[in-house]
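Structure first, commentary second.
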Protein chains: 2
Amino acid sequence: MHHDTRRWNAEKRVTLKDIARETGVHVSTVSRALDPVERKTITDEVAKRIQAAAESLGYRPNRIAAGLRTNRTMTVGVMIPDITNVIFPPILRGIESVLEPLGYASIIVNTDSERDREIRLLDVLRDRGVDGIIHAAVLRSDPSIAKAAQDGLPVVTLNRKVEASDIPYVINDEDAGICQMLRHLRELGHTRIAHIAGPQDLSTGQLRLAAFRRAAWDLGAEAEEDLIVTATRFDEQEGARCLSALLSSGETFTAVLCANDRLALGAIEALRERGIDCPRQVSVTGFNDMPFLDLIRPKLTTVRIQQHGAGRAAAEILLRLLNGETADDVEIETILPIELVIRESTAPCP
Amino acid sequence: MHHDTRRWNAEKRVTLKDIARETGVHVSTVSRALDPVERKTITDEVAKRIQAAAESLGYRPNRIAAGLRTNRTMTVGVMIPDITNVIFPPILRGIESVLEPLGYASIIVNTDSERDREIRLLDVLRDRGVDGIIHAAVLRSDPSIAKAAQDGLPVVTLNRKVEASDIPYVINDEDAGICQMLRHLRELGHTRIAHIAGPQDLSTGQLRLAAFRRAAWDLGAEAEEDLIVTATRFDEQEGARCLSALLSSGETFTAVLCANDRLALGAIEALRERGIDCPRQVSVTGFNDMPFLDLIRPKLTTVRIQQHGAGRAAAEILLRLLNGETADDVEIETILPIELVIRESTAPCP
DNA sequence: CGAGGTAGTGCAATCGATTGCATGATTTAC
DNA sequence: GTAAATCATGCAATCGATTGCACTACCTCG
């Protein structure tokens with residue numbers, strides 16, 4: 001016999017072969033007796049005996065071996081930009097709430113919004129034979145994941161969509177969110193409303209900006225292009241930078257509608273540094289309603305998206321893909337409803 | 001040939017066999033040429049040719065197959081109570097920063113502090129053949145993980161330790177943290193200092209309570225047992241409940257040293273509800289310095305622990321275990337230094 | 001120039017589970 | 001009562017990579 005080079009062979013695992021020896025049947029019979037689907041092809045008495053033996057020996061199926069044969073690992077990959085961004089943990093729990101009860105585990109990777117990293121991590125996932133991928137960090141143009149999906153790997157994108165592809169996606173009703181928020185500001189009397197837009201290479205940033213322009217039009221005024229500044233990242237630092245840019249542009253404004261909460265937080269901080277009060281002098285709004293927002297002063301008026309729900313929805317679609325439905329059977333677009341959350345960062349126009 | 005029952009065989013993967021056929025050598029030679037260690041046993045010219053072929057065919061090793069043979073999956077399991085607790089994401093990034101560059105991926109699971117779930121998830125991880133586990137959700141007494149470690153599975157615990165076992169652990173200097181905090185409160189003139197202790201089935205809760213008693217003694221006063229209330233969970237709700245209990249006990253106090261930030265946040269909220277001002281009337285302190293604390297009013301005085309650093313430290317120890325060092329070679333205990341962070345929730349004794 | 005090395009490859013077993021087909025036993029049908 | 005159908009189980013190939021050992025050159029040295 002060849003030498004054993006395994007790592008920790010202390011108590012070697014119980015295998016089908018052990019159960020077969022114990023019960024005096026062939027390993028294939030054991031395999032069938034333990035498979036809920038194949039079980040009916042086995043005499044009931046024998047199946048019971050095998051299951052009892054499996055139980056008493058403490059058998060646990062080796063998913064690695066099964067995975068090699070069947071090409072299913074019961075593991076999915078989840079790609080997000082950065083787990084320390086508080087918006088993502090609830091999403092992950094939403095995904096888990098659907099997948100875990102069905103026996104799936106997930107490998108979570110952080111792309112840090114770097115394309116190289118994303119490509120490398122995609123390989124990391126494929127090398128491990130994940131059955132599918134939920135991708136919450138795609139760019140509007142993202143050839144690597146599009147290629148993977150083309151090859152037949154089940155993929156669903158979350159929060160963002162990749163254009164010119166038939167990858168199913170779950171997003172929020174950005175249009176309604178921006179529109180309702182703009183209306184809210186109008187009702188408070190604001191007319192000169194600035195927009196700090198998100199990165200335009202992300203569908204979220206692009207959709208929200210488009211929605212802003214459209215909403216302004218719908219409300220009877222063209223969007224003032226000079227009052228739109230575009231951030232390069234969705235973070236506080238960029239929020240602050242964009243607000244400074246607005247201030248030094250010389251334009252006047254009494255409200256700033258930001259493409260997400262972190263931009264809004266940065267903007268408020270920049271206002272504070274200049275002694276400008278939010279909301280008394282300038283109203284600021286966010287998008288996402290990330291956790292803890294109600295503990296931070298001023299409490300931010302924002303658009304609540306379904307975080308847990310988005311995770312669930314994406315997982316459910318992925319499941320259908322995993323169960324053999326093709327991208328044609330599954331609806332490409334899922335838009336989740338939003339809800340306006342009015343707190344303290346918006347006030348009547350001074 | 002048997003029927004192929006694989007799932008998405010669209011573009012079937014390139015295997016060693018394909019490269020072997022392409023280059024006219026045996027698959028074992030290909031395997032060796034692609035293995036950095038075995039490579040030297042191969043003629044340089046042949047190795048180069050094989051590598052070139054692998055490259056041009058777009059070969060990606062199948063880790064499932066390799067894992068079956070070698071019993072190494074290059075995947076580790078990470079168990080935490082709940083990813084939506086903001087303390088954990090930085091820890092995970094710390095772990096990742098060490099393991100990911102070495103080719104490891106991690107499967108993260110949330111135990112929700114439920115024992116059944118923990119046991120089930122432990123099986124989920126073992127079934128997938130993880131090479132080791134970083135466990136940040138252990139109880140002081142935790143037979144299931146102790147058993148796994150006994151069986152030879154590399155395990156490191158993080159933030160908490162399991163007693164009566166030789167599982168290496170990485171924790172914070174709870175003693176120093178509590179002691180420095182108590183001294184800080186004393187220096188502000190407080191003498192009647194309450195303690196909201198954490199769950200005593202977690203080493204963190206137990207160590208911090210013990211440290212509180214010891215520190216009180218060291219500072220020349222016995223801990224007033226009536227001023228100690230124990231929470232059943234580390235969360236805001238319990239913080240509020242414990243504070244109420246303190247208030248209705250009839251004891252007087254001017255400061256509350258809490259076993260972690262969430263308890264402190266809950267305590268402050270409960271004070272606020274009763275119209276008691278923190279810090280003017282009662283000082284409150286936390287432990288951990290979780291993210292966003294500086295955005296929440298009043299800014300919480302707390303003990304900063306190394307979150308990212310703890311993840312890194314645990315990962316480094318796990319690595320040594322993975323590389324064959326036994327629990328005897330590795331230091332069982334790693335205590336990371338803490339730092340007092342004085343903000344606005346503590347003030348001189350009124 | 002032949003014995004003893006050594007280096008480079010090939011061979012084949014192996015990891016553990018799955019599954020199409022073969023086989024033998026039993027039942028059903030006529 | 002025998003042919004045919006049905007059922008339960010065994011057999012063996014397979015997934016893709018790894019690796020101990022065998023084998024064949026060629027090399028070195030005396």
Side-chain angles (χ1 to χ4, degrees), chain A residues 1-9 12-21 23-50 54 57 59-74 126-129 131, chain B residues 1-9 12-21 23-50 54 57 59-74 126-129 131:
Chain A
M1 203 209 293
H2 284 171
H3 186 67
D4 190 346
T5 50
R6 332 290 301 275
R7 306 208 73 249
W8 51 282
N9 39 8
K12 55 181 169 307
R13 276 177 84 108
V14 178
T15 72
L16 288 189
K17 207 185 293 183
D18 298 320
I19 302 180
R21 192 179 327 106
T23 54
V25 298
H26 193 264
V27 14
S28 62
T29 308
V30 178
S31 172
R32 286 190 259 258
L34 264 25
D35 177 336
V37 175
E38 296 280 317
R39 171 140 104 99
K40 11 184 175 309
T41 70
I42 299 282
T43 314
D44 218 41
E45 187 272 324
V46 178
K48 287 265 187 294
R49 196 152 48 85
I50 291 174
L57 291 177
Y59 172 74
R60 296 247 90 217
N62 182 330
R63 281 191 191 287
I64 298 292
L68 177 59
R69 178 64 226 251
T70 63
N71 223 21
R72 296 200 73 172
T73 53
M74 296 302 282
R126 302 185 80 176
D127 289 352
R128 283 172 179 72
D131 295 338
Chain B
M1 203 205 299
H2 285 171
H3 187 66
D4 189 346
T5 51
R6 332 291 301 275
R7 308 207 71 252
W8 51 281
N9 40 7
K12 56 180 170 305
R13 276 177 83 106
V14 178
T15 72
L16 288 188
K17 207 186 292 183
D18 298 320
I19 302 179
R21 190 179 329 103
T23 54
V25 298
H26 192 264
V27 16
S28 63
T29 307
V30 177
S31 171
R32 286 191 259 257
L34 263 26
D35 177 336
V37 175
E38 295 281 314
R39 171 141 104 102
K40 10 183 173 313
T41 71
I42 300 281
T43 314
D44 219 41
E45 188 271 327
V46 178
K48 287 266 188 293
R49 196 152 48 86
I50 293 174
L57 291 177
Y59 171 74
R60 296 248 88 215
N62 182 330
R63 282 193 192 286
I64 299 291
L68 177 57
R69 177 65 224 251
T70 62
N71 224 20
R72 298 200 71 173
T73 54
M74 296 303 281
R126 302 185 79 174
D127 288 352
R128 283 172 179 73
D131 295 339

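From a predicted model like this one, the values you see are computed outputs, not experimental measurements.
- Listed by residue number, B:V27, B:S28, B:S31, B:R32 are the residues of residues 23-35 of chain B with a heavy-atom contact under 4.0 Å to DNA chain D.
- The shortest distance between side-chain heavy atoms of A:H26 and A:L16 does not fall below 4.5 Å.
- For A:R49 (side chain) and A:T23 (main-chain N/O), a donor-acceptor pair under 3.5 Å exists by modelled atom type.
- For the pair A:L16 CG and C:dC15 P, the computed distance is 13 Å after rounding to whole Å.
- Using a 4.0 Å heavy-atom criterion, one finds that B:T41 contacts the bases of the nucleic acid, with or without backbone contacts as well.
- For the OP1/OP2 pair of C:dA7 and a distance below 4.0 Å, the side-chain nitrogens and oxygens of B:T43 include no atom meeting the criterion.
- Here the nucleotide nearest the side chain of A:I42, chosen from C:dT18, D:dA17, D:dT9, is D:dT9.
- Salt bridge B:R32/B:D35: absent, no basic N to carboxylate O contact under 4.0 Å.
- Formation of a donor-acceptor pair under 3.5 Å by the B:T43 side chain with backbone atoms of B:E45 is not found in this model.
- The interatomic distance linking A:D127 (CG) with D:dC15 (P) rounds to 19 Å, in whole Å.
- Separating the CG atom of B:N71 from the C1' atom of C:dA17 is a distance of 15 Å, rounded to the nearest angstrom.
- Remark on DNA chain C: of its neighbouring residues B:V46 and B:A65, the 5'-side contact belongs to B:V46, judged by nearest-heavy-atom nucleotide.
- Here D:dC15 presents its P atom at 23 Å from CZ of A:R128, a figure rounded to the nearest Å.
- If you take CG on A:L34 and CD1 on A:I42, they are separated by 10.0 Å, rounding to the nearest 0.5 Å.
- Out of C:dG16, D:dA17, C:dT19, the shortest distance to the side chain of A:T15 is found at C:dG16.
- Rounded to an integer number of Å, the gap from CD1 of B:I50 to P of D:dT18 is 13 Å.
- Between the CG atom of B:L68 and the P atom of C:dT14 there is a distance of 13 Å, given to the nearest Å.
- B:R13 contributes a side-chain N or O that, together with a main-chain N or O of B:P61, makes up a donor-acceptor pair within less than 3.5 Å.
- Summarising the geometry, the separation between CG on B:N62 and C1' on D:dT18 is reported as 13 Å, rounded to the nearest angstrom.
- Checked by atom type and distance alone, the side chain of B:T70 pairs as donor or acceptor with a backbone atom of B:R72 at under 3.5 Å.
- Between the CZ atom of B:R49 and the P atom of C:dG8 there is a distance of 15 Å, rounded to whole Å.
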